[in-house]
Amino acid sequence: MNAILEVVDLQVAYGKIRAVKGISFSVGEGQLVSLIGTNGAGKTTTLRTVSGLLSPTGGTISFQGRRIDNMPAHHIVELGIAHVPEGRHIFPRMSVEENLLLGAYARKGQHLGADLARVFELFPVLQERRKQAAGTFSGGEQQMLAIGRALMSGPRLLMLDEPSMGLSPIIMARIMDTLTELRERGTTILLVEQNAQAALELADYGHVLEIGRITLSDTGANLLGNAEVRKAYLGED
Ligand SMILES: Nc1ncnc2c1ncn2[C@@H]1O[C@H](COP(=O)(O)OP(=O)(O)O)[C@@H](O)[C@H]1O
Ligand SMILES: [Mg+2]
């Protein structure tokens, strides 16, 4: 398996608080890899560090064989990593279309029309309401918009931070179906979720993160069947 993203012994701290304490994992080309863990485990910190929004205190991050730790975030976007942040962070007063075009700022105008058409095909509701202010959207629609915006950068790796947060089970299932569809079209995905069931069902491979360390790594199916995982993350006795 050709790894597109390779994280080795990554450490990240906020001052004296060590949030990520030496984790290693990789994402193969075309794979969907999930990082699961409770609140405070270090999931968001890990994604923000891969994106270049935080600098590691140790370890390395390589993307397509090239070191990206300590590269500026805009350069990392240009290399092909898109990040759908926790809480979505869409621009509420801008229209759907304006939000989507912002996602393409690193693209210098190439293939914009085709990419917009692809996002609209994936999420028809965005096309129907493309002139509407994004702030009028429901949580699920805002999540679709955040994913659409990330796709507009033409990513080789799509990273999502808790896309299911705050969504009803039906809307959540819709978002997860979209990730399956993207993956079938060949998009490589790194998914971070507290919702372990949904994240592991989709995953080729999963890692359990506990207070800054990876404690368990296996295929998504094996983790779903693991008694410890079921007890700790799926609420079983
Ligand atoms: N800006 C920050 N300043 C200080 N500590 C932080 C900050 N952001 C996160 N932390 C701490 O780092 C740890 C990991 O947080 P985070 O990566 O947000 O976890 P998760 O996304 O898994 O909930 C937690 O102990 C959290 O309190
Ligand atoms: Mg988080």
Side-chain angles (χ1 to χ4, degrees), residues 1-7 25-36 43-53 61-64 66 68 71 73-90 99-107 110-112 114-123 126 140-165 167 172-195 198-207 220:
M1 176 58 71
N2 240 348
I4 187 166
L5 181 74
E6 183 101 53
V7 172
F25 66 93
S26 60
V27 182
E29 185 97 54
Q31 273 189 333
L32 193 156
V33 172
S34 292
L35 295 182
I36 63 162
K43 303 181 301 298
T44 295
T45 302
T46 301
L47 286 199
R48 288 178 61 84
T49 308
V50 172
S51 282
L53 301 169
I61 306 170
S62 306
F63 181 63
Q64 298 187 303
R66 187 201 293 205
I68 60 165
M71 239 185 217
H74 68 90
H75 193 174
I76 292 174
V77 173
E78 285 168 12
L79 288 180
I81 300 184
H83 183 172
V84 182
E86 188 173 7
R88 292 140 204 167
H89 296 281
I90 55 140
N99 268 277
L100 289 173
L101 291 174
L102 274 176
Y105 75 91
R107 301 282 303 286
Q110 303 153 346
H111 315 297
L112 278 188
D115 285 340
L116 209 49
R118 208 168 305 127
V119 169
F120 286 154
E121 186 198 330
L122 203 57
F123 301 117
L126 297 183
E141 288 161 345
Q142 291 191 13
Q143 187 62 58
M144 292 173 197
L145 179 55
I147 295 171
R149 182 181 55 189
L151 291 173
M152 288 298 290
S153 69
R156 297 199 165 89
L157 172 67
L158 178 65
M159 304 196 298
L160 303 106
D161 195 346
E162 309 242 21
S164 79
M165 194 189 277
L167 304 184
M172 190 186 90
R174 167 87 177 78
I175 297 288
M176 293 299 163
D177 284 348
T178 304
L179 298 187
T180 305
E181 195 176 328
L182 285 171
R183 192 188 154 231
E184 280 165 4
R185 294 182 189 187
T187 309
T188 306
I189 298 175
L190 177 58
L191 172 64
V192 153
E193 267 292 343
Q194 277 190 60
N195 186 325
L200 293 178
E201 276 173 10
L202 299 185
D204 295 294
Y205 217 77
H207 305 276

With side chain to side chain contact (heavy atoms under 4.5 Å, CB included) as the test, would you mind laying out the steps for L100 and F120 before giving the verdict?
CA-CA 10 Å; L100 289 173; F120 286 154; 3.7 Å; yes
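- No side-chain donor-acceptor contact under 3.5 Å links Q194 to the backbone of E162.
- We find the OG1-CD distance between T188 and Q31 to be 8.0 Å, quoted to the nearest 0.5 Å.
- Partner of L160 under the side chain to side chain contact (heavy atoms under 4.5 Å, CB included) criterion, out of V192, L182, L179: L179 alone.
- Although no hydrogens or angles enter the test, the distance criterion places a donor-acceptor pair under 3.5 Å between the side chain of S34 and the main chain of A199.
- The number of heavy-atom neighbours closer than 6.0 Å to CZ of R66, taken from other residues, nucleotides and ligands shown, is 12 or below.
- Side-chain contact between Q64 and L79 is absent, with no heavy-atom pair separated by less than 4.5 Å.
- Of all the heavy atoms in S153 and V77, the pair that sits closest is CB-CG1, 4.3 Å.
- Between S164 and M172, the shortest heavy-atom contact is CB-CG, 3.3 Å.
- Between D115 and R118 a salt bridge is recorded (basic side-chain N to carboxylate O distance below 4.0 Å).
- The shortest side-chain heavy-atom distance between I36 and L200 falls under the 4.5 Å cut-off.
- For the side chain to side chain contact (heavy atoms under 4.5 Å, CB included) test with V33, the passing option among L190, L5, I189 is L190; the others fail.
- Using a 4.5 Å heavy-atom threshold, the side chains of R48 and H83 count as touching.
- Residues T44 and E86 come closest through the heavy atom pair OG1-OE1, 2.5 Å.
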Which is it for L202 and R183 under the side chain to side chain contact (heavy atoms under 4.5 Å, CB included) test, yes or no, and what are the steps along the way?
CA-CA 9 Å; L202 299 185; R183 192 188 154 231; over 6 Å; no
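- A distance of 8.0 Å separates CE in M165 from CZ in R88, rounded to the nearest 0.5 Å.
- When all heavy atoms are compared, the tightest approach of P163 to Q143 is O-OE1, 3.3 Å.
- Between R156 and I4, the shortest heavy-atom distance links the atoms O-CD1, 3.7 Å.
- The shortest non-hydrogen separation linking R149 to H89 is NH1-O, 2.9 Å.
- Taking CZ from F63 and CD from E6, the interatomic distance works out to 12.5 Å, rounded to the nearest 0.5 Å.
- Looking only at distances, no side-chain donor or acceptor of E181 sits under 3.5 Å from a matching main-chain atom of L122.
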Determine, step by step, whether I68 and I81 satisfy the side chain to side chain contact (heavy atoms under 4.5 Å, CB included) criterion, reporting the C-alpha distance in whole Å, the side-chain angles of both residues, the deciding distance to 0.1 Å, and the verdict.
CA-CA 11 Å; I68 60 165; I81 300 184; 3.7 Å; yes
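- In this structure, the separation between OG1 on T46 and CZ on F25 is 6.0 Å, given to the nearest 0.5 Å.
- Atom CG in L167 sits 10.0 Å away from atom CD in Q142 (nearest 0.5 Å).
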Evaluate the side chain to side chain contact (heavy atoms under 4.5 Å, CB included) criterion for residues V119 and M152: first the C-alpha distance (whole Å), next the side-chain angles of each, then the deciding distance (0.1 Å), finally the verdict.
CA-CA 8 Å; V119 169; M152 288 298 290; 3.9 Å; yes
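- Taken from CG in D161 to CG in L47, the straight-line distance is 5.0 Å, to the nearest 0.5 Å.
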